Amino acid sequence: MGLEQLISSADDLPSVSGVAEDVIFHNPSNDYTVLSFLTDDGREIVAVGCLPDVHKGEPLLLYGDWSYHATYGQQFVAESYQKILPTETADILKYLSSGVVKGVGPVTALKIVNRFGADTFDVIENHPTWLADIPGITRKKAAAITKIFREQNGLRQLMMCCRDYLGSASISRVYREWGDRSMAIIEENPYRLCDEIYGIGFERADEIARKLGIVSDSEFRITSGLRYVLGEAAATNGHTCLPKDMLIREAAQRLQLPEERVAEVLEQQLARRHLICYLPGDKNSIFTSDGDRSEAFVAKKLSELSVSCDVLPEREIDNLIAMTETERGISYAPLQRKAIREALSSGVMILTGGPGTGKTTVVQALIRMCRQMNLKTALAAPTGRAAKRLSAATGEEARTIHRMLEMDKTDKDNHYHFKRNANNPLDEKVIIIDEASMIDMPLMEGLLRAIIRGTRLILIGDDNQLPPVGCGNVFRDMIASGRFNTVCLTEIFRQSKESMIVVNAHRINHGELPLLHTKNDDSFFLARASDDQIVDTIVSLVTVRLPRAYGPEVLSKIQIITPSRKGKAGTENLNKLLKDHLNPHTDAKKEIKYRDTVFREGDKVMQIRNNYDIEWQKGEVRGTGAFNGDIGTVTRVDPSAETVEINYDGKAYTYEYSMLEEVEHAYAITVHKSQGSEYPLVIIPLYNCAPVLRTRNLFYTALTRAKEMVIMVGSEYVAQNMVENDHHAMRYTALQQRLQTEMRPAFG
């Protein structure tokens with residue numbers, strides 16, 4: 001059995017064959033390409049898609065389907081392609097003369113074809129020394145020509161074999177990673193595709209393996225299946241590991257194999273240290289080797305930092321507190337005073353508490369005192385919006401953790417790495433992180449690798465909010481370990497007691513139904529019996545009632561925060577309805593369709609991932625970076641250039657068509673997407689979403705996003721149900737146990 005099994009004898013996709021007349025546009029970051037294409041029957045068409053390594057003058061067979069573009073008309077959207085080498089001498093000369101093979105121009109092409117005729121391609125690929133017999137072609141140049149041609153031929157063969165299973169972008173990544181070895185590696189173990197190549201899933205590799213005749217209980221398949229289950233558990237549920245029995249059971253179900261066979265292969269992988277078994281007490285926690293290394297490092301580094309800073313005398317700290325109170329004309333509450341003491345006397349300190357309990361006051365005091373002690377201090381948060389809030393509250397510069405660590409793209413897998421690390425550490429002596437409950441395991445590892453001995457790390461957050469979107473439960477595990485000085489602020493200060501938002505947030509946190517029927521200026525409840533009524537009321541509030549009561553400018557302050565993407569009051573449906581009401585299609589507004597989403601001038605949108613490379617302009621000032629959670633407006637659409645301009649906080653960003661996967665509509669957003677942000681006016685639909693989402697911490701997180709006003713629309717029963725459900729989804733990690741058993745630092 002060989003790779004020839006992968007080549008389909010027939011294809012269900014429409015196809016067109018012809019020649020690439022011109023490459024109109026090519027994005028090297030993702031290989032999105034626009035071609036002027038001349039078909040074999042003489043038609044001039046536009047072809048678009050992920051088309052790596054396509055050159056002007058190349059004969060191609062494109063597979064895909066037809067689509068209609070508002071500006072360009074009918075286009076052929078290619079999902080994959082096959083390069084066709086010409087066989088006639090005249091066509092070979094034309095092909096080589098086009099410059100498709102770097103180093104071969106029209107003059108050199110004529111010399112080669114005149115010498116070898118129809119055998120030209122065979123000579124170039126297999127007999128480079130023959131090329132050196134031609135005047136003007138040295139042995140070095142001949143070797144270079146052959147190398148380039150073989151690379152192109154290897155990619156061409158890979159395209160032919162895998163085009164029915166992998167998209168062009170994935171095939172390009174495979175070839176960039178493995179080069180001429182690609183086909184041999186796939187034939188030996190196709191599961192390396194999902195283990196080593198970003199963006200290729202287990203199911204797709206499994207499909208290729210079946211076509212190649214690899215048996216269902218092969219060690220390759222089971223090993224990859226185990227890693228797949230662990231990876232999916234991390235991505236979907238935030239687990240850094242899984243109990244051994246659960247991993248075996250889940251993998252056996254996914255692979256449809258006996259548990260005994262899966263357990264046998266697991267033991268082999270553990271013996272080889274490809275998977276790791278961590279044993280805290282009587283539990284067997286199975287990690288990938290990378291996951292184990294990451295969590296172990298975090299535990300060791302936190303333990304080291306907790307004991308490595310200089311201890312300040314208690315009298316000196318009390319003098320600093322007294323001096324700051326005098327300068328600011330305030331008196332700190334007992335718990336605030338304790339938090340300041342612990343922060344200044346600890347290597348690692350945790351400050352937690354709900355809204356209105358004075359966390360910001362403590363941070364302001366710490367900044368002031370650190371400055372008095374000449375301790376260089378950094379402020380950061382996991383998201384851009386959280387960093388902006390921290391900066392506004394303190395009057396000091398605050399950055400995202402990613403920007404503080406100088407995140408940079410790598411060439412491999414489109415992943416990121418940080419320029420700040422053990423070899424290029426941060427030079428601040430005090431690092432204060434807000435919204436620390438949002439920090440996942442990979443981000444905490446990156447942060448700790450950039451912190452040197454003697455640095456104070458102060459983590460501030462609310463452990464009653466949702467856990468991080470990524471894997472791990474670092475903040476809660478640290479608190480639960482009991483290893484670090486932790487202060488929980490509980491007193492609600494007088495000015496905050498006047499806010500029903502704050503009062504109700506604490507009621508929810510204590511398992512009590514919020515005061516839904518108390519008249520107040522900042523908290524309202526509108527009872528609605530059905531999901532249809534909830535949706536109708538929300539649309540009416542946004543489009544009519546609130547603008548009529550507070551003026552049209554209120555629209556910029558409203559944010560709908562809902563538990564789920566799905567359902568009538570989920571983001572998908574609400575965004576569609578509100579877009580149609582607030583920003584309907586008109587001939588005056590330009591729009592562009594990306595996949596199934598139409599972006600129109602005037603749309604409210606959100607950046608859904610950090611992009612540190614995208615450029616922005618604000619007046620004469622230029623910079624880079626758009627952050628996950630940034631909300632703005634589509635200000636200009638250029639269909640001919642396939643670009644969209646989006647304005648976030650006065651900064652204008654230009655997105656190419658292929659970058660629109662980073663953007664989605666934001667009239668309504670999920671609670672998870674709202675983490676780390678505050679909005680002046682929040683509307684929360686209390687509707688019949690999935691039971692797993694009707695939880696106390698989700699309700700609490702949604703309510704605490706409101707800064708000035710919250711309007712809850714829906715069922716009192718759903719509100720009661722959420723308050724009573726204090727279920728926290730289990731996250732399998734071993735950080736708490738590692739911290740509790742870590743006795744000494746074990747690295748330099």
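No experiment lies behind these values; they were computed from the predicted model shown.
- For Arg173 and Trp178, the positive end is not near the middle of the six-membered ring at less than 6.0 Å and at most 45° from its axis.
- Residues passing the side-chain contact (heavy atoms from CB on, under 4.5 Å) test with Thr670 are Arg565, Thr571, His672, Lys673, sequence neighbours excluded.
- The aromatic ring centroids of Phe121 and Phe149 lie less than 6.0 Å from each other.
- In this structure, Phe76 has its ring center at least 6.0 angstrom away from the ring center of Phe37.
- Residues Asp122 and His127 are in side-chain contact: their nearest non-hydrogen atoms beyond the backbone lie under 4.5 Å apart.
- Between Glu615 and Thr624, the side chains place no donor N or O within less than 3.5 Å of an acceptor N or O (distance only, hydrogens not considered).
- Considering only heavy atoms from C-beta on, Asn647 stays 4.5 Å or farther from Val634 through its side chain.
- Under the 30°/60° scheme for interplanar angles, the aromatic rings of His665 and Tyr667 are found to lie parallel.
- Residues Glu664 and Val605 are not in side-chain contact: their nearest non-hydrogen atoms beyond the backbone lie 4.5 Å or more apart.
- Aromatic pair Tyr657/Tyr594: centroids less than 6.0 angstrom apart.
- The neighbour count for Arg139 CZ, taken as heavy atoms of other residues, nucleotides or ligands under 6.0 Å away, does not exceed 12.
- You'll find the side chain of Tyr175 reaches within 4.5 Å of the side chain of Ser182, heavy atoms only.
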Which pairs would a plain distance check flag for residues 105-120, meaning a side-chain donor or acceptor within less than 3.5 Å of a matching protein atom at least two apart in sequence or in another chain?
from, atom 1, to, atom 2, distance (Å)
Lys111, NZ, Pro135, O, 3.2
Asn114, ND2, Leu110, O, 3.2
Thr120, OG1, Gly117, O, 2.6

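- By the 4.0 Å N-to-carboxylate-O rule, Glu591 lies close enough to Arg600 to be salt-bridged with it.
- Applying the salt bridge (charged side-chain N to carboxylate O under 4.0 Å, His left out) rule to pairs touching residues 34-44 yields Asp41-Arg43, sequence neighbours excluded.
- Residues Lys211 and Tyr165 have side chains in contact (heavy-atom distance under 4.5 Å, counting atoms from C-beta outward).
- Remark: Leu38 CG to Leu60 CG distance equals 11.5 Å, nearest 0.5 Å.
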For this session: Given side chain to side chain contact (heavy atoms under 4.5 Å, CB included), test Leu35 with Val48 step by step and report yes or no.
Result: CA-CA 6 Å; Leu35 295 179; Val48 301; over 6 Å; no
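- Under 4.0 Å is where a charged nitrogen must lie from a carboxylate oxygen, and between Arg293 and Glu445 no such pair does.
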Determine, step by step, whether Glu219 and Gln269 satisfy the side chain to side chain contact (heavy atoms under 4.5 Å, CB included) criterion, reporting the C-alpha distance in whole Å, the side-chain angles of both residues, the deciding distance to 0.1 Å, and the verdict. CA-CA 10 Å; Glu219 183 180 335; Gln269 294 300 302; 3.7 Å; yes
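- Glu203 and Tyr228 are linked by a side-chain donor-acceptor pair at a separation below 3.5 angstrom, with hydrogens and angles left out of the test.
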Do Leu61 and Tyr63 pass the side chain to side chain contact (heavy atoms under 4.5 Å, CB included) test, and can you show the C-alpha distance, the side-chain angles, and the key distance before you say yes or no?
CA-CA 7 Å; Leu61 178 57; Tyr63 298 90; 2.9 Å; yes
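- Remark: Asp217 does not engage Arg221 in a salt bridge, criterion side-chain N to carboxylate O under 4.0 Å.
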Checklist line | CA sep, side-chain torsions, deciding dist, call: Glu21, Lys56, salt bridge (charged side-chain N to carboxylate O under 4.0 Å, His left out) | finding: CA-CA 6 Å; Glu21 288 257 287; Lys56 178 181 178 180; over 6 Å; no
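- Looking at heavy atoms from C-beta onward, Phe287 lies out of side-chain contact with Leu230 at the 4.5 angstrom threshold.
- The 12-atom threshold is not exceeded at NZ of Lys147, counting heavy atoms of other residues, nucleotides or ligands nearer than 6.0 Å.
- A donor-acceptor contact under 3.5 angstrom links the side chains of Asp195 and Ser224, judged on distance only.
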**Test log, rule salt bridge (charged side-chain N to carboxylate O under 4.0 Å, His left out), inputs Glu207 and Arg210** = CA-CA 5 Å; Glu207 188 179 2; Arg210 283 196 300 271; 5.5 Å; no
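- Residues Met407 and His417 form no side-chain contact, since every pair of their non-hydrogen atoms from C-beta on lies 4.5 Å or further apart.
- Salt-bridge annotation for Lys590 and Asp638: absent, with no side-chain N of the basic residue lying under 4.0 Å from a carboxylate O of the acidic one.
- Pro442 has its side chain within reach of Cys471: a pair of non-hydrogen atoms, C-beta onward, lies under 4.5 Å apart.
- Taking the six-membered ring for Trp and thresholds of 30 and 60 degrees, Tyr655 and Tyr648 have ring planes more than 60 degrees apart, a perpendicular arrangement.
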